[in-house]
Amino acid sequence: MPIRAVRGFKDVLPDEIELWHRVESIARGVFNAFGLKEIRIPLLEKTEVFARSIGELTDIVEKEMYTFIDRSGDSLTLRPEATAGLVRAVNEHKLFAQSPVLKLFTTGPMFRHERPQKGRLRQFHQINVEVMGTKAPFSDTEVIWMAWDILEKLGLKDLRLEINSLGCPACMPMYRDNLKEYLEGVFQHLCPDCQRRSKINPLRVFDCKNEACRKIMAKAPLNREYLCTECADHMEKVLAFLKTLDIPFVINPYLVRGLDYYVMTTFEIVSPDLGAQSTVAAGGRYDGLLKALGGPDLPGVGMAIGVDRLLLLLEKDKKGPSIDLFIAALGPKAGKEVIPWIKHWRRQGLAVQMSYEEKGLKAQMKQAGRVGACYVLIVGEDELDKKQVVVRDMMTRDQHEVPVDDVISAVERLVSA
RNA sequence: GUGGGCGUAGCUCAACGGUUAGAGCGUCGGGUUGUGGCCCCGAAGGCUGUGGGUUCGAUUCCCAUCGCUCACCCCA
């Protein structure tokens, strides 16, 4: 049995890499337009970074983290998400002292020990955006806008933006208490799952697929009735900006985030083509997070795009590899003669290949075709005797002779044309 | 963690319980002794995931195990 990759960890093979580059380059373009700067942070953090921010009682912290004790006895964790570590970094380097508003992005792998399924890997990749230092509703909208823009530029169809306000520390507890009270009243009528949920994460009961639970929850109190005027006002402005930008949305009063630090605006962008794990991008506001990690009381809003899920939605276009020039050298003498030329062309940045093995011309032509060579240079004993080499255009199948002394510039002219 | 589906060539898949487990694609070679793609011919490539059991005989049926996958849960 050959050694396999770890469960839930996937290789990105050469055939797929072009898609990754496409996603990354479009995202970078958008971030540049929105004035974001990139930050790169470690994959490993002290466990408390996540425990204190995500929430001790969340599934992520309770049963999904890759946590271990290292050789010096510290409890470390492979990051299950980016925001906590990023906020830690911002705090540690006092980046908020440089400018009142920080607009940052980062990309990379996250790790959660879940059962793998479609759109859910144990190592998965996110593109993260964080805007810190402002409570302005427009910053919420801008974060959503970036996610929407990237997905749209990638040509995704049928996306749905769902949005909700969770309320702030002033009004959220009021709603939670009321909901809990309601759930306690109907407790024995709920399914076992919901009985559990009602204690741990009461909002999740709204998501239950059980018919009886749904009926019960249809009469449950809704959070929008409990939003304080500040939160309601904030939400209204965020939505108004979305309308101005022609970004369609639906309000989903049951939308919850799985991380404790979220307040007020929360959103998801879902695709109908993804199966059960349909969220391509999601995010929200986390005003208390910096403070919770021992920093100043600065607000923040952010989002994450699930890159692996996004890639499931993109068409793989199968245009194979392509290089500028393939050199078919026949015989050991030609093989040697050609090396200084290759050195020169590669220095110029041309993509040049030749066969490692001494093979017949037919085999080399075949290889040239496979690697997608635009031109083939045929160099054999005959050519060297005549001081002429043959240049073949693989598209038109035309070929002509070029003097050996002129070959370097002749090829450069052809390729640049 | 729980449940369903599936494990046969590098890939996609065939094979009523019955000879030597096949095909397409890909790879390599030949047809063309120095010219790619199309065509024709040929070759290499398999412990049928693994271990037990039933049977005269198992890729096929049963059990276990491992892996993949989808869903629950949860989330990007």
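Treat the numbers as computed from the prediction; the structure is a model and nothing was measured. Order of the sequence lines fixes the chain letters, A, B, ..., with proteins taken first and strands second; residue numbering starts at 1 for each chain.
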Handout entry: Protein-nucleotide distance (A:F111, atom CZ; B:C74, atom C1'), rounded to Å
Key = 19 Å
Exercise for the section: May I ask you to verify whether the side chain of A:Q399 and the base of B:U35 hold a donor-acceptor pair under 3.5 Å? Expected result: yes
Practice task
Identify, with sequence neighbours excluded, every residue that meets side-chain hydrogen bond (donor to acceptor under 3.5 Å, both in side chains) alongside A:Q364.
Solution key: none
Practice task
Can you check each nucleotide of nucleotides 28-33 of chain B against protein heavy atoms at under 4.0 Å and return B for base, S for sugar-phosphate only, - for none, in 5' to 3' order?
Solution key: SS-B--
Problem - Those residues that, when tested against A:R88, pass salt bridge (Lys or Arg N to Asp or Glu O under 4.0 Å) (two or more places apart) - result: A:E45, A:E92
Fill in the blank from the handout: Sequence neighbours excluded, the answer for salt bridge (Lys or Arg N to Asp or Glu O under 4.0 Å) partners of A:E130 is none
Fill in the blank from the handout: Sorted by chain and number, sequence neighbours left out, side-chain hydrogen bond (donor to acceptor under 3.5 Å, both in side chains) with A:E236 holds for none
Exercise for the section: Rounded to the nearest angstrom, tell me the gap between atom CG in A:D393 and atom P in B:U35. Expected result: 18 Å
Practice task
For A:I378, report the nucleic acid contact type (base, sugar-phosphate, nothing); a contact means any heavy atom under 4.0 Å.
Solution key: base
Completion exercise
Contacts satisfying salt bridge (charged side-chain N to carboxylate O under 4.0 Å, His left out) that involve residues 393-417 of chain A (not counting sequence neighbours) are A:K386-A:E401, A:D406-A:R413
Exercise for the section: Please list, chain by chain and in numerical order, all residues satisfying salt bridge (Lys or Arg N to Asp or Glu O under 4.0 Å) with A:R28, sequence neighbours excluded. Expected result: A:E38
Fill in the blank from the handout: Applied to residues 365-374 of chain A, the side chain to side chain donor-acceptor pair (under 3.5 Å) test, sequence neighbours excluded, yields none
Completion exercise
With B for base contact, S for sugar-phosphate-only contact and - for none (protein heavy atoms under 4.0 Å), nucleotides 68-73 of chain B reads S-SBBB
Practice task
Would you mind listing every salt bridge (charged side-chain N to carboxylate O under 4.0 Å, His left out) that reaches into residues 324-343 of chain A, with sequence neighbours excluded?
Solution key: none
Side-chain donor-acceptor distances from residues 139-146 of chain A under 3.5 Å, at least two apart:
residue : atom : partner : partner atom : Å
A:S139  : OG   : A:A136  : O            : 2.6
A:S139  : OG   : A:R285  : NH2          : 3.0
A:D140  : OD1  : A:H234  : NE2          : 3.3
A:D140  : OD1  : A:R285  : NE           : 3.2
A:D140  : OD1  : A:R285  : NH2          : 2.6
A:D140  : OD2  : A:H234  : NE2          : 3.0
A:D140  : OD2  : A:T265  : OG1          : 2.6
A:D140  : OD2  : A:R285  : NE           : 3.0
A:T141  : OG1  : A:P137  : O            : 3.3
A:T141  : OG1  : A:V238  : O            : 3.2
A:E142  : OE1  : A:K103  : NZ           : 3.4

Exercise for the section: Grab the stems for RNA chain B, please: at least three consecutive Watson-Crick or wobble pairs, both distances below 3.5 Å, written as range with range. Expected result: B:1-7 with B:66-72, B:10-13 with B:22-25, B:27-31 with B:39-43, B:49-53 with B:61-65
